[in-house]
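Bear in mind that the values here come from a model prediction, so they are computed numbers and not experimental data.
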Amino acid sequence: MLRRTVRILAALTMAAAATLVATVTTAAPAQADGCYTWGRTLSEGMSGEDVRQLQIRVAGYPGNNAVLGIDGAFGPATRAAVVRFQQAYGLGADGIAGPQTFTRIYALQDDDCTPVNFSYAEFNDCNSDWSGGAVSAATARFNALVNMWKLQAMRHALGDQQIRVTSAFRSHACNNAVGGSSTSRHLYGDAVDLGASPHSLCRLAQQARNHGWREILGPGYPGHSDHTHVAHKSSRTWSASSCGVS
């Protein structure tokens, strides 16, 4: 009788342990921060808002002379960008966004979804509400967010040293005040001017080729001897002849 009782207790203990293990391994991921938490592993062929959120974070890893579309569809270009992101941070580079990849992203973002080394205030010294540009305030703000993540990737590639932003979003009034072009991408919130220190303007222009901008203007281009300009547009314009960028 005693032996039977011991066997029953042992069996119950093992069952409880198995239940505990199963509970731990199947539990939903904990809330990572105040911005966004991914609830599933993402891979090629999948789609949804979680894919779009991933694309924003890896927009700076499209490869040389490429731009990653932010459309919520996990295609070959998104997989390649995820691989480059994983390689940049020493992760297993399989192109699948799982817990390790998301943990690294969580460490890189603040609660407002901006990367830790950049802020909305830094990208808008024109007004407080992102209004008055060539697109809606929400679009201008979103475009600035994507540029922040591209710059975060570029910052990491440059040894995690500061990248100094000198101008970004402008309303029409702010753009006119500084003599900007009437077609300036600053009016869309997707252009950023970068100042030297610690990196030279040429170093910035050269590195920018790898991080998803179709417009790169720098030393050698009229009016750009004191800054490097990066922006997104429909066609490619790279001109920084003093830096070998064309």
Side-chain angles (χ1 to χ4, degrees), residues 56-65 67 84-85 87-90 104 107-110 112-128 130 133 140-141 143-171 174-175 177-181 184-233 236-246:
I56 294 169
R57 276 52 165 205
V58 299
Y61 293 91
N64 183 270
N65 193 22
V67 176
R84 293 187 188 95
F85 175 87
Q87 290 172 334
Y89 285 98
R104 172 51 57 184
L108 289 172
Q109 72 182 12
D110 284 327
D112 62 356
C113 296
T114 60
V116 292
N117 296 113
F118 298 95
S119 68
Y120 282 117
E122 188 177 11
F123 277 63
N124 182 3
D125 57 6
C126 174
N127 58 38
S128 61
W130 300 81
R141 197 171 188 267
N143 289 342
L145 177 65
V146 175
N147 261 349
M148 289 184 217
W149 281 100
K150 292 180 180 182
L151 284 175
Q152 186 70 32
M154 184 166 151
R155 186 183 191 278
H156 185 59
L158 291 171
D160 287 312
Q161 293 181 305
Q162 178 191 16
I163 291 179
R164 189 163 63 88
V165 174
T166 61
S167 181
F169 169 73
R170 301 174 193 158
S171 67
C174 291
N175 192 56
V178 299
S181 166
S184 172
R185 298 307 302 183
H186 289 281
L187 295 166
Y188 296 79
D190 62 12
V192 186
D193 291 345
L194 309 174
S197 181
H199 309 290
S200 71
L201 297 179
C202 280
R203 185 73 185 92
L204 294 168
Q206 292 160 355
Q207 186 62 42
R209 294 174 293 186
N210 300 314
H211 297 289
W213 287 290
R214 288 200 176 100
E215 185 169 78
I216 303 172
L217 307 175
Y221 186 82
H224 289 69
S225 61
D226 63 348
H227 68 280
T228 289
H229 166 97
V230 294
H232 183 66
K233 58 188 296 189
R236 198 190 87 161
T237 304
W238 287 3
S239 185
S241 58
S242 298
C243 310
V245 176
S246 62

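- Pro62 and Arg84 make their closest contact through O-NH1, 3.0 Å (heavy atoms, listed as atom of the first residue, atom of the second, distance).
- Pairing each heavy atom of Thr166 with each of Gly195, the nearest pair is CG2-N, 3.7 Å.
- With rounding to the nearest 0.5 Å, the separation of CD1 in Ile56 from NZ in Lys150 is 11.5 Å.
- Under the side chain to side chain contact (heavy atoms under 4.5 Å, CB included) criterion, Ala208 pairs with Met154, Trp213, Ile216, Val230, sequence neighbours left out.
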Criterion side-chain contact (heavy atoms from CB on, under 4.5 Å) on Leu145 and Thr114, from CA distance to verdict:
CA-CA 6 Å; Leu145 177 65; Thr114 60; 4.0 Å; yes

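- To the nearest 0.5 Å, atoms CG (Leu217) and CG (Leu201) are separated by 12.5 Å.
- Evaluation of the side chain to side chain contact (heavy atoms under 4.5 Å, CB included) rule for Asn65 yields Arg236, Trp238 as partners, not counting sequence neighbours.
- For residues 212-228, the salt bridge (Lys or Arg N to Asp or Glu O under 4.0 Å) pairs, not counting sequence neighbours, are Glu215-Lys233.
- The side-chain hydrogen bond (donor to acceptor under 3.5 Å, both in side chains) test applied to Ser197 returns no partner, not counting sequence neighbours.
- For the ring-ring contact (aromatic ring centres under 6.0 Å, His included) test, no residue two or more places apart in sequence or in another chain qualifies with His211.
- Take Arg141 and apply the side chain to side chain contact (heavy atoms under 4.5 Å, CB included) test, not counting sequence neighbours, and it matches Tyr120, Trp130.
- With hydrogens and angles disregarded, a donor-acceptor distance shorter than 3.5 Å links the side chain of Asn175 to the backbone of Ser181.
- You'll find the side chain of Leu194 reaches within 4.5 Å of the side chain of Val165, heavy atoms only.
- Contact record, Ile163 with Phe118: O-CE2, 3.9 Å, taken as the closest heavy-atom pair.
- Contact check for Arg57 versus Cys113: side-chain heavy atoms found under the 4.5 Å cut-off.
- Using the six-membered ring where Trp is involved, His224 and His227 have ring planes that are tilted, between 30° and 60° apart.
- Counting all heavy atoms, side chain and backbone alike, Thr228 lies closest to Pro219 at OG1-CD, 4.0 Å.
- Taking CG from Asn117 and NE2 from His156, the interatomic distance works out to 11.0 Å, rounded to the nearest 0.5 Å.
- Residues satisfying the side-chain hydrogen bond (donor to acceptor under 3.5 Å, both in side chains) criterion with Arg104, sequence neighbours excluded, are absent altogether.
- Here the side chains of Leu108 and Gln152 are in contact, with some heavy-atom distance below 4.5 Å.
- Rounding to the nearest 0.5 angstrom, the gap separating the CD atom in Gln162 from the CZ atom in Arg155 is 7.5 Å.
- Under the side chain to side chain contact (heavy atoms under 4.5 Å, CB included) criterion, Asp125 pairs with no residue at all, not counting sequence neighbours.
- In this structure Arg185 satisfies the side-chain hydrogen bond (donor to acceptor under 3.5 Å, both in side chains) test together with Asp190, sequence neighbours excluded.
- Note: Tyr89 and Phe85 have tilted aromatic rings, judged against thresholds of 30 and 60 degrees for the angle between ring planes.
- Annotation: side chain of Met148 is not in contact with side chain of Leu151 (no heavy-atom distance under 4.5 Å).
- Between the CG atom in Leu158 and the CZ atom in Arg203 there is a gap of 5.0 Å [rounded to 0.5 Å].
- Residues that satisfy the salt bridge (charged side-chain N to carboxylate O under 4.0 Å, His left out) test with Arg170, not counting sequence neighbours, are Asp193.
- Residues passing the ring-ring contact (aromatic ring centres under 6.0 Å, His included) test with Tyr188: none are found, sequence neighbours excluded.
- Summarising the geometry of Gln206 relative to Cys243, their closest heavy-atom pair is NE2-O, 3.0 Å, with the distance given to 0.1 Å.
- The shortest distance between side-chain heavy atoms of Asn127 and Phe169 falls below 4.5 Å.
- Considering only residues two or more places apart in sequence or on other chains, Asn143 meets the side-chain hydrogen bond (donor to acceptor under 3.5 Å, both in side chains) condition with none of them.
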